[in-house]
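So that the names make sense, note that chain A is the first sequence line, chain B the second, and so on, each numbered from 1. If you're wondering where the values come from, they're calculated on a predicted model, not measured in any experiment.
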Amino acid sequence: MSQTPPDPNFEALAQRAASLRAQIHEHNHRYFVLGSPTISDAEYDALFDELDAIEKTYPALITPDSPTQRVGSDLDERLPKITHPNPTLSLSKAYTEDDIRAWRTRIDKVLDTSARLGYVVEPKFDGLTVVLTYTDGILTLGATRGDGYTGDDVTANVRTIRTVPTRIPVHPDAPRPPSPLVVRGEVVMLKEDFKAFQQKMQTEGETRFINARNTASGALKQLDPRVTASRPLTLYAFEIVDAPDDSTPHSQWQSLSFLRQMGFLVSEDIQRFDDLEAVIAHIRAFEARRHSLPFEIDGLVIKIDDFATYNALGVVGKNPRGAVAYKFPPEVVTTRLTGVSISVGRTGVLIPNAELEPVFVSGATIKQATLNNFDDVARKDVRVGDRVMIKRAGEVIPFVIGPLPDARTGTEQPITPPTHCPFCQSPVLHEEGEVAYYCGNPECPERIARSIEYFVGKGQMDIEGLGEKGVRQLLEAGLIRDEADVFSLKPESLENLEGYAKLKIQNLMNSIEAAKKRPLDRVLVALGIPNVGTTVAKVLIKHFPSLELLMNATADQLQTIGGIGPSIAATVVDWFALPRSRSVITKLAAAGVQMVSTETQITRSEALAGMTFVLTGTLPTLTRDETGALIEANGGKVSGSVSKKTSYVVAGESPGSKRDKAEQLGVPILDEDGLKRLIADRGGES
DNA sequence: CACCCTCGAGTTCC
DNA sequence: CTCGAGGGTG
């Protein structure tokens, strides 16, 4: 060992280490004792790793009480303690592919061999590790991992978990179990179970259950096993800790089948590889589908398969050398809710938006997230100033999971629905039993801006070159006041506007001209009548093939149409009764916008008549719109959600949850070719 | 009246 | 993509 050279930063690092130790101690206390953490697991890990790194560089800075010197504890003083004869060690962590390769290189040094090694890759469950002891096949002890050496005795609680065999073998013809048999497993709450449980508790006014892991942990540590029994826990077995030598497998991969034979639930998402690069490729692929797993994971564990080799590798510090835990980049982080802004949609609904201290999650810096509605805010009890947990739902849309109430200082401000529209000051409306709060003023400038944005948007009038910014600009310049004014824009008046060059103006004019020929059902959608989207608009136009006719229809007449109930009928009639609506329609007609249905419904065949399709993912050659048009042209229907009634799901590259749902319900799945073949087989046209 | 299916509306970042 | 709510059905 060489002498550590003096470092000008030594003082600063010593201070930093002390501060990290204090922070980690506090968070340990909050997490393990109070059960209410104020930072996310990933942030905790980051603090820990930073301290660990400092101490590795300057071992002189290690103090006996440093959190790095012991394995984290989750002991609960109310429960009886047991001592583990075979302590559970923690695994060294890897955050990058190179970390994994480095792990392999360290192995080579120790073994002094480049022999081919087998690897088993398992999900790293985000739950609680428990140790189960069986004597003559009877479950005699169930204990939490605790700090690895000492755990809580939760035998009675563990027995209530359905996937824990209390007596093995489960099947009479299976081999007799060795005795004693000590098995390690992970107690988790499956995502689906957690969701259902959370919902159930919410209806009973309990909103504390924020994440599956903490809920599972709480459930397992109940003093009354009946409470545990009422919570949907699942145990996955993943390791044989101890058993008489001659009777058990000699590799991890074989132990997993052995555990299955004994009647334990073992995850199906475990694989074995002979090559480290294959392991890495697997990890990369796995990360993409981690969300379609039934349980939460925060990474993958890679183990050397062969026990003899694994044991020969020994232990360094508190980590076995034969395994490594690869951690996914964090997906749940905490940040501060600095404020709430209110937006008004074109329908008048007021939506609270969270303003966040910028934070990096799942590949992007988030500084804003929707809070959906005020019911949600009240249910979660989020307040301005709170530290909140954030994730990106489906990897994309930022989502506020909930506050960390224990991090409050007392200065946080509750969020209440406004009594007046922030844009036009008119009183806010709220129907009893409904979630939404409305600005009821159809002339509200913000609502009008939103309506026009929607009107020119894609899928409606589809005027290219005119987006949100452009609409606001035109409104401010006084060039438009409503939807119809878009059609009377003059090239000359645009010239003075910032950002409008000759070519851009020309393109915009062409686009506006083209919009006059949109089919009537699209015009109807564009008008933005509440509850009238593509489907409803099509139905309405079919029965009332001109705006003139539709405008004069009564609610009773509308209700006779299938799919139109009292609610839609009322909103349609009400909307046409508004002076603003009538004026817009008159102006549109005057501007030359198509106001009658040309009704040359280009149904080329009835090949798909009576069938409903749901689209997900990206197809190789057709766009989403083209696929939909193709299906409709052949008499089929396109729907947004998968159900038992769905005939086919058409899935392309990187499909979403709909594909999984289809598999669940047994709905057949087609690719693009499959769809084309189906149409051709039934005499349709592509 | 309680379900299930379907639709509509709004959603972030770059 | 997800939620809330409308419409229809048993």
Rounding to an integer number of Å, can you tell me how far [X] [atom1] sits from [N] [atom2]?
| X | N | atom1 | atom2 | answer |
| --- | --- | --- | --- | --- |
| E468(A) | dT12(B) | CD | P | 10 Å |
| I529(A) | dC7(B) | CD1 | P | 18 Å |
| D376(A) | dG4(C) | CG | P | 6 Å |
| I401(A) | dC3(C) | CD1 | P | 13 Å |
| E453(A) | dG10(B) | CD | C1' | 13 Å |
| L371(A) | dT2(C) | CG | P | 18 Å |
| I561(A) | dG8(C) | CD1 | P | 11 Å |
| N531(A) | dG7(C) | CG | P | 7 Å |

Looking at [X], does any N or O in its side chain come under 4.0 Å of the phosphate oxygens OP1/OP2 on [N]?
| X | N | value |
| --- | --- | --- |
| S343(A) | dT11(B) | yes |
| K538(A) | dG8(B) | no |
| S641(A) | dC1(C) | no |
| R346(A) | dG10(B) | yes |
| T370(A) | dT12(B) | no |
| T535(A) | dT6(B) | no |

(message) So E483(A) and Q460(A), do their side chains get closer than 4.5 Å, heavy atoms only?
(response) no
| said: Within the structure provided, determine whether K645(A) and T612(A) are in side-chain contact (heavy-atom separation under 4.5 Å). | reply: no
query: Which part of the nucleic acid, if any, lies within reach of S643(A) when heavy atoms closer than 4.0 Å are counted: base, sugar-phosphate only, or nothing?
result: sugar-phosphate
Base, sugar-phosphate or nothing for V536(A)? Non-hydrogen atoms, less than 4.0 Å. sugar-phosphate
Residue pair K645(A)/N372(A) against DNA chain C: nearer the 5' end by closest nucleotide is N372(A)
Ranking G640(A) and S567(A) by the position along DNA chain C of their nearest nucleotide, the one closer to 5' is G640(A)
So if I take every side-chain heavy atom of [X] and compare against [options], which nucleotide ends up nearest?
| X | options | value |
| --- | --- | --- |
| I351(A) | dG10(B), dA5(C), dC7(B) | dG10(B) |
| T347(A) | dT11(B), dT6(B), dG10(B) | dG10(B) |
| K644(A) | dC7(B), dC5(B), dA9(B) | dC5(B) |

Can a salt bridge be assigned to the pair [X] and [Y] using a cut-off of 4.0 Å between side-chain N and carboxylate O?
| X | Y | result |
| --- | --- | --- |
| E412(A) | R387(A) | no |
| E446(A) | R472(A) | yes |
| R346(A) | E453(A) | no |
| R379(A) | D376(A) | yes |

